[in-house]
Amino acid sequence: MSTKKSPLNRLRRSLGLDTQNEWPSVARERLLAYGLLAVYVLVIWFPIYYIFITSIKPSSEVLSLPITFLPQNPTAQNYVDIFTNRPFDNYTINSMIVATTTTLICITLGTVTGYSFSRYDFLGNKSLLLSIVGARMIPPIALIVPFFQIMSNPPLIGGLTGSLYDTRLALILTYTFFNLPFAVWIMKNYFDGIPESLDEQAQIDGCSRWEAFVKIILPMAKPGIAATAILAFIFSWNEFVFALVLTSSEQAQTLPIAVSLFVADDFVDWAHLAAGGMIAALPGILFGLFFQQYIVSGLTQGAVKE
Amino acid sequence: MAHVELTDLVKEFDDVTAVDGISLDIPDESFTVLVGPSGCGKTTTLRLIAGLERATDGEIRIGEDIVNDARAYERDIAMVFQNYALYPHKTVRDNMRFGLEQHDTDEGIITERVQETAELLQIEELLDRRPSELSGGQQQRVALGRAIVRDPAVFLMDEPLSNLDAKLRVQMRAELNKLHEELSTTTVYVTHDQVEAMTLADQIAVMDNGQIQQVGEPTHVYSNPRNMFVAGFLGSPSMNFLEGTLEESDAGKFELDLGGAIHNVPDEFTDALEPYLGDRVTLGIRPENIALNQDGVPANVHPATVEVVEPQGEKTVLELELATGQSIKAAVDPDTTVEMGDAVNLRFDRDSLQYFDPTTGKSLTYDTKIEQQATI
Amino acid sequence: MAHVELTDLVKEFDDVTAVDGISLDIPDESFTVLVGPSGCGKTTTLRLIAGLERATDGEIRIGEDIVNDARAYERDIAMVFQNYALYPHKTVRDNMRFGLEQHDTDEGIITERVQETAELLQIEELLDRRPSELSGGQQQRVALGRAIVRDPAVFLMDEPLSNLDAKLRVQMRAELNKLHEELSTTTVYVTHDQVEAMTLADQIAVMDNGQIQQVGEPTHVYSNPRNMFVAGFLGSPSMNFLEGTLEESDAGKFELDLGGAIHNVPDEFTDALEPYLGDRVTLGIRPENIALNQDGVPANVHPATVEVVEPQGEKTVLELELATGQSIKAAVDPDTTVEMGDAVNLRFDRDSLQYFDPTTGKSLTYDTKIEQQATI
Amino acid sequence: SGGSDSSTEDGSGGDGSDGESSDGATTGTGSETMADEIVFYNAGSLEFDPGTEANIERFEEETGISVEVNEVPWSNLKTSLTTIWRNQDSTVDAFNGPTWWLADFVSSDWLEPIGLGDDHMSKFPDSLNELVQFDGQTYMAPEFGKWGSYLYDQQYLNDQGFDAPPDTWDEVLNQGEQLSQGDKSGFAFTWSGKSVFSFKQFLYQAGGQLFNDSYEPVFVEEGKEVLDFFNQLRERGITPDGMSSLGEGGIGDNFIAGQYATVESWTPLGARAIDEWDEGRIGSAKPPKGPESRATFQDTNGISVSAFSERKDAAKEFARFMTTRASSKNNMLVEGNPAVVPEVYEDEEVQSEYPSWLLEDMRFNLENAQSETYMAQPQVDDYLNEQLTPALLGNKDPEAALNDAYNNIERLYQDIGLL
Amino acid sequence: MSIEKSPLRRKLDKLFVPLTVGPTLLWIAAIIIYPTAKLLLSSLQFRNPVTNEMEFVGLRNFQRLIFAREGGDAALGVFSPSFVSITTNTVIYVGFSVSISFLLGLGIALLLDKDLKGRGWFRTAVIVPWILPYVMSGLMWRWMFQSDFGAINGALQRLGIISGNIPFLSDGALAMMALIIADVWVFTPFIIIILLAGLQNVPEQLYDAAEVDGASRWSRFWNVTYPFLKPSILVALTIRIIFDIRALDLVWVMTQGGPGKSTEVWASWLYRTAQVFNEPGTGAALGVVLLAVTFAIVASLYKIFGESPYEA
Ligand SMILES: Nc1ncnc2c1ncn2[C@@H]1O[C@H](COP(=O)(O)OP(=O)(O)OP(=O)(O)O)[C@@H](O)[C@H]1O
Ligand SMILES: Nc1ncnc2c1ncn2[C@@H]1O[C@H](COP(=O)(O)OP(=O)(O)OP(=O)(O)O)[C@@H](O)[C@H]1O
Ligand SMILES: [Mg+2]
Ligand SMILES: [Mg+2]
């Protein structure tokens, strides 16, 4: 029995290879899962790989046949070009500010509102939720013109700010509007899965609704918040059409616009587009990694599992 | 510390009336135990007091105030939930600390109290685990610890020891007793354990069907049930009921014709039972008040046959068949050497006899017995 | 129906050894009860038998097969979980149906069995509710129903009656008993209720700290504990232990010097205790084996003072202080009229005396008693 | 080409060597009342418009008016402008776009007549002037040409025994068959979702037209001939599989990669091929002669001024400046876009930069290009595209396709009250 | 002493619902009312390009959009041919993309829910396609599907599967397939994320109960995982479908609805009509139709997946 506690066993156990304490089928499945995931990741990363090698090929190699899957003359020139010729730093900052602010607003409002919808029966609860989500069902493309109008001549704050056209604020307001309903809805569904008895215990422990929410329920909702945050972030990060009509210069234009500028009417500059694309992708990937931590920590703490 | 008063309290769920107009006075510093069959509304009553459910009707008073509208967190109570409701993402320690932190307790005091309580409950070593890594009994002790670590106005405990083994349970019961003696916090306690109810309670309230059947000191209620429900509910094995027709013997004594056997009613009950002459009346006698009198001595002795012998350690329970065909249980000394099929004589302890109206279930002799006890 | 055999079974969690090498033979058709203090590994043992945990070491045999590698759904067992684990999204009826459906039972049979079981457990009216609308005890009965509705090779029940009131519990216990008599399904049952253990078990296994301390027939184990742990664990209030030095009297009799009082050791134990002459030895005596002998009769009588009187309904527990200053509990008839402060004489029933080695806890007289019982 | 290029051009432009009297004359008079900044919407990144970029620099230097260039992705510029103008917003002062957007914008009252007199406009060919004028007002100043040109792989043609590219439709078919061997295709078009543009120039070559003067669609008869010609190209394997390709990014790149013998392509592919290929490999040609003519489709980028602009004077001055002969020449030198002013082709600098045969063909295209302006141009083009693509890919009977397009367009015009 | 009487805390607590729901409602209401009204109004108007006037036309926009005109293509019945073909395209596009990505996403989510070392890395790796700007992804796929220099033809040739080039984006059916592949590639991570979060809500003990009940893996999935996953499936499918019905970026960047109209979907059609054709009325009418369709789909999804496991 003492051998069970040997360092070797500990190691095996921590690697998930401990077939002694665990079902052989589970271990087999784990191997299979590794295999499947590896294949899946390879497949979905192939396009990213291809765009990456395109970005480090000189233009002449990009357009020569037969095509190469390993760059023959790797170069960083494309990257140098896009930073010297194009304000990619501005675009990146714009994207980060717009997406982060939108995300923060959405998860803040989305969580509190979602929680109320999950826990309390207030007047017209269900139909209210339905209309919030319904607001989001209007196809945004159909709202382009009125949105432009609102942003260039904001009805409530217009006197203070003047036109919001070509500002990051316009994008933030718009994106928040588009994301908030989903944030509310996702969080409502998530809170539905957390037993109400924990709210009750928190009240018994002396928590007001606010405190119970902030101190007990919120920490358990981390995975849901992370999912919502990612959703809001990605939406704002990727949005193209509204960014197109609500902004016009590098003071507010975001990365999707920047990338699409490599496409001329009759010409696509693939090499530089690929480099620009990689740059546009990078902060997003980093952000994903960052929030990924939250999902993982939410999971490993077994947060919500009873 | 506070006095709790429930008046005509009602709680209806969609189509169930869980609490159906109960009035109960829970004196300051008292230890009140709620007992009753499964589903009778005990938990709901606690939840109403806690402020987790809103009363459909009636009034709840804690101390001076009507608290119907106060939310749970405003009521300064601590509660042990039947299903524990531990915070799954917090360690045992943090589960216990949380309530104190909420009440702005000093860090030093928190640490000290948590440590003390953990020792009391024998869970010191578990303090850094999460609930999912605990056994059922350990979880229950954490739930208990989370309540008693605090110093609230009222403790509400819903079967807090149900998942503990007998030994630990006795210890915990003793600790709760001690705790209550020290702090004298008003406590409402739900249990289905007779012994817990008897030993802990200042007063016991027996519930059935959302209503309170009887309230009083535990031994008093045990010995003087107001009706057959209470009589049958308390005690294990429960009271034997034998139905018969009340008749007057030639000697002017009352007797119960059990259909094949005659039971003599003690004289002191003659007045109380007089109106029921000729009617059906139920005799109640607890198993432990039945003695095996194999030597065959005087009155109220009933011959019976042993059907089942069930040794339970500290006692042995016999299932017997009376000559009338009725079945009856007796609890006897574990040394008693009887076997299945043995013919025995049963003697009913005459001080422990109870008589009931079989249709309403009401005790016919309650008042007489109370009077008697008062005069002694 | 199947015979279950555990051999040197070990289960380790990250840093806890929950089951530490137990070997247990559970005969076909037997009703084996596991008891032991909270956290001793009972649930884990059941989960190992069920196939919900994989054994770290050792062997599990069900019927002819070594099932270590078989998953729960391959083992044909039914289990009642300590925390119910009802499917919250299914009605009570569907919760009960589910296991049968999984075993491709005929629709007609399913309906019938569910109905029967629900009646047995008195939950017919709840069949269409969801678990969240049930009281704790109702949920527990559903959990029980979900298991007994099936006809598996083995039943595993983890404190299935812990949330029921005494009366219902007695009924349910009787039903389980009847069920077992009818079906004779091998059953492993965890309980912390003495009476349940005693009345249901063919054999009882007492666990502590992940290990089995003693296995045997319940009354046998109760009367002949192998060690102080078992002796102290079974019985409520638990056995009194009095430590003293074993000496030989002038008359050649053995006696235990309790430090101020002398206890005479019955002659039949002389052989067994001989090696311990001069050593510390612990005397064990159960509270119910202590009689109040106020009239003052012969040997092994110890004067004591009543400290606490605790009426528990069917009996009254006294806490007494011996002349030696040691504290001791006695369970006496509820009629006994003693009061705090009363001086009484205690008589220990000589047939019920036990002697232990206070350091190892081992019973010194176990073998002697077994021999004696065999010769009778 | 970089800054030094444009600055030398600046010098020569300032010399007034092209002798345009209006150039530079208005600058002085307007400058007091004129705004010192304008917002200019450019389709796509200026990086791919070095000619325009160089001219803007010159403009800023010479007038002191700064130009805030907002770059809008090409395929979405029209969306941006439409949104802005539908809200009557003054954000945009001027933009740069193709002539074929004009009809819509003008009919929506979104454009300001730029008021450039004959002085300025007369240097452009009449056909071009017609495109930018409505009711006698000029709404756009032509900046540079983007029409199709015909390029071929001289070396490959020689190898195959041809010393000249096909000159007529028949030759395209006959030579094409021989030129299509192995990986090579004999002939390829730029057809990325714009089959209508290719269609139009062949329609003109066949002597047809989309509309007559009373807005009636009249393309069906000649259209059939065009489609018949295309079909033969496809069936004989002369064009690559899946004729609708990926625009210049596909056709041009493939051409340079040696996939095609001859292409019809948007400029400036010629300039690119000169850079990338060995001396003398690239050849150019006039459009093949159809039943009627050698027309190509007139697509010109120009500069317009927003009707909602609050800085119209400066914007108009910008439009004027960007379309002077000097600017036109500069654009051609810097970027290789065909100039829209015929005289530029005679300029020495231009002639020294580009081979004379290329210049000759470009000029020929400028002068023989045809176009039409018509109402609801995007819808009409969409109706045509919708039908032409399947017909071109061989998925729909050409006649049925043309008739469907005809019916749809006719109904559209009925709906909006033109018919 | 027993009853706490901090008035502020009490007041704040009473205001919990208004304070938590209010800002969101206000935000949404403030910004939605005008555009919605405008949308509805526009759908009843028609801008005549000749007179440049907005005319009130009642429901004619809808009629023109959906129904065939007199003398239209009889084979297609009463519906307008373009409406039918674009609707078909949309159904194919959304149907295939959503179902493929859902099944794939569910599978990957279940794999990632396992207790694997390094699953954090896998999670990130799997999410990345979704993080790239759609425009860039669309262009990337266009580049991948390019018939001569595209990686896909290149790779297939390298592997000897094909000899010539497949003109992916020039053939109607292939272009639709390419779009679907790109769409699945981009949006599967979204499904994965939502379902992964949802899997956290499945109480572990129920798996135990089901195993003991003899439930096979499949049955455990349906009886335990699925009911608890339903709210997440609802979210995932709803958002996914709503997004896809109106998906514009990928389509616009990759094919612009072409070749011909073979990849034209509602979203690109709406964009084209409203923004390119400058026909706000028809665009708005299409928007309203889309809204109605979306509502119908969401309502039916709600019917199927809307019940939370704890609800009565
Ligand atoms: N998943 C787990 N991870 C770590 N430790 C565990 C886990 N499950 C149980 N344990 C520990 O293993 C020991 C045995 O637990 P088990 O649940 O078997 O106890 P038990 O005898 O059923 O107790 P109880 O009567 O309180 O239910 C306990 O100390 C418990 O804390
Ligand atoms: N949320 C609810 N919705 C509907 N019925 C409910 C709800 N909660 C409880 N009930 C019903 O109300 C009655 C009283 O329930 P309660 O939980 O108070 O019983 P209890 O006395 O605590 O029983 P137990 O001893 O079994 O825990 C029961 O019949 C129960 O089924
Ligand atoms: Mg309860
Ligand atoms: Mg347990």
Side-chain angles (χ1 to χ4, degrees), chain D residues 73 75-76 78-83 85-86 103-110 183 191-195 240-246 249-250 253-254 257 259 375-383 385-393 395-396 401 404 407-408 411-418, chain E residues 42 46-52 54-55 57 60 64 69-73 81-82 85-86 135 139 142-143 145-150 163-175 252-264 269 271-280 282:
Chain D
S75 52
N76 297 290
K78 191 163 187 228
T79 298
S80 257
L81 293 173
T82 305
T83 310
W85 286 336
R86 241 192 249 160
D104 261 6
F105 286 173
V106 170
S107 81
S108 304
D109 296 334
W110 289 343
D183 284 351
W191 269 353
S192 169
K194 288 187 180 137
S195 35
D241 280 352
M243 297 221 312
S244 150
S245 245
L246 297 181
D253 298 336
N254 286 0
Q259 297 282 92
M375 292 305 296
Q377 171 270 337
Q379 284 106 311
V380 169
D381 284 5
D382 191 58
Y383 281 136
N385 254 333
E386 179 183 17
Q387 299 298 334
L388 288 171
T389 307
L392 291 173
L393 292 169
N395 299 331
K396 185 160 183 175
D404 283 351
N407 288 330
N408 286 335
R411 270 193 216 106
L412 174 71
Y413 273 24
Q414 283 163 353
D415 273 353
I416 59 182
L418 285 173
Chain E
S42 302
F46 179 73
R47 189 191 73 94
N48 189 317
V50 179
T51 61
N52 195 26
M54 292 298 282
E55 300 160 0
V57 292
R60 223 187 81 202
R64 286 187 337 135
R69 302 155 199 220
E70 290 151 50
D73 191 341
S82 31
S85 75
I86 290 166
V135 174
L139 285 168
R142 184 169 139 192
W143 179 223
F145 279 118
Q146 217 270 2
S147 62
D148 299 276
F149 304 101
S163 58
N165 281 329
I166 302 175
F168 285 106
L169 296 172
S170 310
D171 176 279
L174 289 177
W252 205 250
V253 166
M254 282 180 71
T255 66
Q256 294 220 352
K261 285 267 180 260
S262 47
T263 55
E264 184 91 320
W269 197 21
Y271 186 71
R272 196 185 301 282
T273 318
Q275 297 300 127
V276 181
F277 296 174
N278 190 15
E279 246 182 51
T282 324

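A note on names: the letters A, B, ... follow the listed sequences, proteins ahead of strands, and every chain is numbered from 1.
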Considering all heavy atoms, the nearest E/Tyr271-D/Thr79 contact: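 Distance-wise, the nearest heavy atoms are OH-OG1, 2.9 Å.
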
To the nearest 0.5 Å, what is the distance between CD (D/Glu386) and OG (E/Ser262)?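 The OG atom of E/Ser262 is 10.5 Å from CD of D/Glu386, to the nearest 0.5 Å.
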
Would you say that E/Lys261 contacts D/Asp382 through its side chain, given a criterion of any heavy-atom pair below 4.5 Å between the two side chains?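 Yes, at least one pair of side-chain atoms sits under 4.5 Å.
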
Beyond-backbone contact of E/Glu279 with D/Gln379, side-chain heavy atoms, under 4.5 angstrom: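 In short, these two side chains touch, coming nearer than 4.5 Å.
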
With a 4.5 angstrom heavy-atom cut-off, is it the side chain or the backbone of [X] that approaches chain D, or both, or neither?
X: E/Phe46; value: side chain
X: E/Trp252; value: side chain
X: E/Glu55; value: neither

With a 4.5 angstrom heavy-atom cut-off, which part of D/Trp110 approaches chain E: side chain, backbone, both or neither?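 Side chain of D/Trp110 only, per the 4.5 Å heavy-atom cut-off to chain E.
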
